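Note that the numbering runs from 1 along the sequence shown for the chain. Quick caveat, the model's predicted, so the values are computed rather than measured.
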Amino acid sequence: MTPFARNRLAACVVLACSSSYSYAAQTNDYNEIEEVVAVASPIKDSQKAAIMAKQSASNFVDIVAADTIGRFPDQNLADSLGRVPGLAIERDQGQARYINFRGAPFRYTTIAIDGMTIPGAENGRIPRFDSFPSVITSRLSANKAIMPDMPGESIAGFINIETFNPFDVEGFSLATDVGLGNQALGDGDISKFSVRTSWSGENVGISLFASQNSREQITDNREFDLEQVDSELLVNELDMRSYKVKREDEAYGGRFEYRPSDSMNRFFFSTLYSKFQDHEERNQYVFDFAGGAEAAGSNLAAGETGTGLAMVSRSLEYGLYENSTWTNTLGADLQLGDWFLEARTNFTKTENDVFLPLPYSLYGAAVASYDVSDINDPLVTLAPGTSLNDIDYGYEMLLVYGSALSIDSLQFKLDAETDFAFAGLNNTFKMGLGHDQREAQGYGTNGGMGSLYGINPSDYVTDQAWHTDFTNSINGTYFDNKQLRADLESASGGLTVTPDNASKINIDENTLQPMPW
């Protein structure tokens with residue numbers, strides 16, 4: 001044996017003895033320990049289950065676990081789904097509202113809760129995702145490839161929201177989320193609150209949840225009508241707006257589930273009510289330089305800067321957008337021999353209402369200068385000694401826009417599947433039957449105009465300057481739109497929209513969907 005081999009052997013013997021001695025010493029010092037309990041977080045199990053579900057799916061699907069959603073400050077499911085690859089968010093005044101797959105129109109995407117489709121009642125049955133809070137969710141499945149057991153309306157994609165299951169957590173659980181904030185522009189308040197509690201025993205589980213969110217914000221707009229003629233820029237029109245917006249949503253619901261002993265069966269009932277409200281105040285001025293040049297009998301001068309006569313119009317508003325959904329699902333999962341059955345019946349009521357009364361003033365005129373050399377901060381400046389309140393309008397009227405749609409949906413769905421071997425391969429045979437009955441009543445967007453009942457909107461101007469990140473070159477100030485709306489309601493005896501026959505909606509449809517595959 002070489003000296004190097006003997007030294008290596010000696011070192012191994014020393015290490016072995018040291019290890020044995022150390023183990024014995026530790027055993028003597030801690031011989032009072034009889035049991036060690038390791039507690040693992042359920043987050044890893046939740047993520048693992050989501051990954052396994054994606055791997056075993058027959059189509060292309062992204063699955064987001066509730067624990068992943070809880071790590072982000074998402075106010076609604078639209079924000080949560082925006083984190084999924086291939087999905088895009090369409091926003092309204094900065095807030096997530098609609099979802100589309102791979103750039104397809106959002107009306108091609110359907111949404112379901114616990115497998116049952118939720119009909120949309122806005123803009124042609126479009127489902128809104130911002131009215132559903134994240135707290136209700138156990139798992140989100142974004143299906144990018146449509147399967148035969150999905151509704152035919154799912155042209156681009158199908159999103160299924162699985163509500164929180166009380167058996168996901170053993171015993172009693174309580175989760176809550178509270179947040180307060182402030183919008184820098186306009187000093188608006190932000191608040192969010194959600195709570196979810198559940199209890200599960202050997203056979204019975206129950207969960208309850210509630211959510212409320214509120215956001216006050218300023219939306220500052222500058223819009224243009226620009227034209228390029230022979231390499232010359234023509235500034236036809238500049239539109240300056242400031243919106244005061246308060247958005248509120250609330251949701252309440254729960255789930256009851258029963259699982260018989262010694263079986264894979266389960267029976268459940270889930271309910272969810274959600275409501276979204278958008279209170280909007282509009283303060284808007286439009287400066288039409290092309291119309292002013294035409295009225296003065298001259299041609300509009302080209303250039304990024306200029307001075308001329310502008311025809312001015314003013315729009316004010318205090319309106320309401322409202323959307324609500326009430327959905328109830330009764331379900332059963334049954335293992336009958338080699339067959340696994342899923343039965344669901346659901347009743348959903350969706351309502352959407354829009355009411356926008358706009359005092360509208362037009363045919364005003366003012367001499368003004370414009371400067372769009374910085375397109376990110378366009379300027380309009382009235383002639384010295386002139387203010388917005390000095391403008392006389394040739395005609396003032398009240399425009400009233402509105403729409404309303406209510407949909408009642410009664411659905412039934414039965415799916416069955418069994419595994420079998422064929423040609424030495426494991427296969428799954430599935431078949432199903434679905435029935436969807438929907439009744440809808442309401443009317444599309446309607447507008448009417450009338451007088452202002454002797455009310456002068458200029459009497460409601462305040463001295464509060466617009467909150468803006470642009471230069472307030474017109475020295476715009478807010479109007480008391482809420483009081484103006486209240487006085488118009490009182491003077492008119494109640495503002496309403498009378499829909500014409502062409503816009504009235506009355507739908508009664510029955511859809512039967514056999515699905516062998």
Side-chain angles (χ1 to χ4, degrees), residues 92-95 181-190 214-225 235 237-247 278-289 292 305-320 356-362 364-393 396 452 455-488:
D92 177 63
Q93 299 193 27
Q95 188 169 341
N182 181 267
Q183 294 276 7
L185 183 61
D187 194 31
D189 294 330
I190 303 173
S214 177
R215 172 179 295 182
E216 298 175 349
Q217 68 181 57
I218 299 292
T219 303
D220 204 12
N221 281 23
R222 299 293 186 269
E223 300 183 10
F224 321 93
D225 180 1
V235 181
E237 185 177 281
L238 291 175
D239 186 344
M240 298 193 169
R241 312 181 186 188
S242 182
Y243 292 95
K244 285 185 175 182
V245 179
K246 183 177 182 180
R247 292 183 164 174
D278 186 346
H279 306 268
E280 179 182 274
E281 293 187 55
R282 177 192 304 207
N283 296 265
Q284 176 186 11
Y285 291 93
V286 178
F287 297 88
D288 183 1
F289 289 97
T305 62
T307 301
L309 181 68
M311 304 304 295
V312 185
S313 62
R314 178 184 67 192
S315 297
L316 307 172
E317 172 211 340
Y318 177 56
L320 175 66
L356 306 175
L358 288 89
Y360 184 47
S361 306
L362 63 163
V367 176
S369 301
Y370 59 84
D371 184 349
V372 296
S373 55
D374 182 1
I375 200 65
N376 294 314
D377 190 15
L379 305 177
V380 173
T381 307
L382 299 178
T386 305
S387 71
L388 290 174
N389 299 328
D390 295 330
I391 299 175
D392 292 324
Y393 296 94
E396 295 189 298
L452 288 169
I455 293 176
N456 182 8
S458 296
D459 294 338
Y460 295 83
V461 68
T462 72
D463 58 1
Q464 182 187 4
W466 283 3
H467 298 285
T468 177
D469 286 333
F470 298 105
T471 301
N472 188 6
S473 58
I474 62 172
N475 295 318
T477 59
Y478 290 109
F479 282 72
D480 189 352
N481 285 309
K482 293 182 180 179
Q483 188 61 50
L484 176 57
R485 163 76 181 273
D487 291 346
L488 286 171

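- Residues Asp377 and Thr471 have side chains that bring a donor and an acceptor to within less than 3.5 angstrom of each other.
- Side chain of Thr381 to main chain of Ser369: no donor-acceptor pair is present (N/O by atom type, distance under 3.5 Å, no hydrogens or angles).
- Of all non-hydrogen atoms in Tyr460 and Ile455, the two that sit nearest each other are CE1-CG2, 3.6 Å.
- No donor-acceptor contact under 3.5 angstrom links the side chains of Asn221 and Asp239, judged on distance only.
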> Which is it for Asn475 and Leu388 under the side-chain contact (heavy atoms from CB on, under 4.5 Å) test, yes or no, and what are the steps along the way?
Replying inline: CA-CA 8 Å; Asn475 295 318; Leu388 290 174; 5.8 Å; no
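- With hydrogens and angles ignored, the 3.5 Å screen pairs a side-chain donor or acceptor of Tyr478 with a backbone N or O of His467.
- From Asn376, atom CG reaches atom CZ of Phe470 across 7.5 Å, with rounding to the nearest 0.5 Å.
- The minimum heavy-atom distance linking Gly292 with Met311 is given by the pair N-CG, 3.5 Å.
- In this structure, Phe224 and Pro378 approach most closely via the heavy-atom pair CE2-CG, 3.4 Å.
- The side-chain heavy atoms of Pro357 and Tyr318, taken from C-beta on, include no pair separated by under 4.5 Å.
- Checking Ser214 against Glu216 by side-chain atom types alone, no donor-acceptor pair falls below 3.5 Å.
- The environment of CG in Asp392 is sparse: at most 12 heavy-atom neighbours from other residues, nucleotides or ligands sit within 6.0 Å.
- Put simply, the side chain of Val245 does not reach to within 4.5 Å of the side chain of Ile218, judged on heavy atoms.
- Between Pro457 and Leu452, the closest side-chain pair of non-hydrogen atoms falls below 4.5 Å.
- Annotation: side chain of Asp288 is not in contact with side chain of Val312 (no heavy-atom distance under 4.5 Å).
- Side chains of Ser373 and Asp371: a donor on one and an acceptor on the other come within 3.5 Å.
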>> What verdict does the side-chain contact (heavy atoms from CB on, under 4.5 Å) test give for Glu281 and Tyr243, after you've listed the backbone C-alpha separation in whole Å, the side-chain angles of each residue and the deciding distance to 0.1 Å?
In response: CA-CA 5 Å; Glu281 293 187 55; Tyr243 292 95; over 6 Å; no
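- Here the side chains of Arg241 and Glu223 are in contact, with some heavy-atom distance below 4.5 Å.
- Nearest heavy-atom pair, Leu382 versus Ala366, reported as atom, atom and distance to 0.1 Å: CD2-CB, 4.2 Å.
- Here the straight-line distance linking atom OG1 of Thr219 with atom CD of Gln183 works out to 8.5 Å at 0.5 Å rounding.
- Heavy atoms only, all atoms of each residue included: Leu320 and Leu356 are closest at N-CD2, 4.0 Å.
- The distance from atom CZ of Phe479 to atom OG of Ser315, rounded to the nearest 0.5 Å, is 11.0 Å.
- Comment: Arg282 engages Glu317 in a salt bridge, judged by a side-chain N to carboxylate O separation of less than 4.0 angstrom.
- Using the six-membered ring where Trp is involved, Trp466 and Tyr285 have ring planes that are tilted, between 30° and 60° apart.
- Using a cut-off of 4.0 Å between Lys/Arg side-chain N and Asp/Glu carboxylate O, Arg485 and Asp487 are scored as not salt-bridged.
- No close placement of the Tyr370 and Phe287 rings is indicated, their centers lying 6.0 Å or farther apart.
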> Going through the checks in order, is the side-chain contact (heavy atoms from CB on, under 4.5 Å) test met by Asn283 and Asn481?
Replying inline: CA-CA 9 Å; Asn283 296 265; Asn481 285 309; 3.5 Å; yes
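- In this structure, the separation between CG on Leu238 and OG on Ser473 is 9.0 Å, given to the nearest 0.5 Å.
- Put simply, the side chain of Thr468 reaches to within 4.5 Å of the side chain of Arg222, judged on heavy atoms.
- The two atoms that bring Ala368 and Val380 nearest to each other are CB-CG1, 4.2 Å, heavy atoms only.
- Side-chain contact check for Ser361 and Glu396: at least one donor-acceptor pair (N or O, by modelled atom type) lies under 3.5 Å.
- In this structure, CG on Leu379 lies 7.5 Å from CG on Asp374, to the nearest 0.5 angstrom.
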> After noting the C-alpha distance and the side-chain angles of Asn182 and Ile190, does the key distance pass the side-chain contact (heavy atoms from CB on, under 4.5 Å) rule?
Replying inline: CA-CA 5 Å; Asn182 181 267; Ile190 303 173; over 6 Å; no
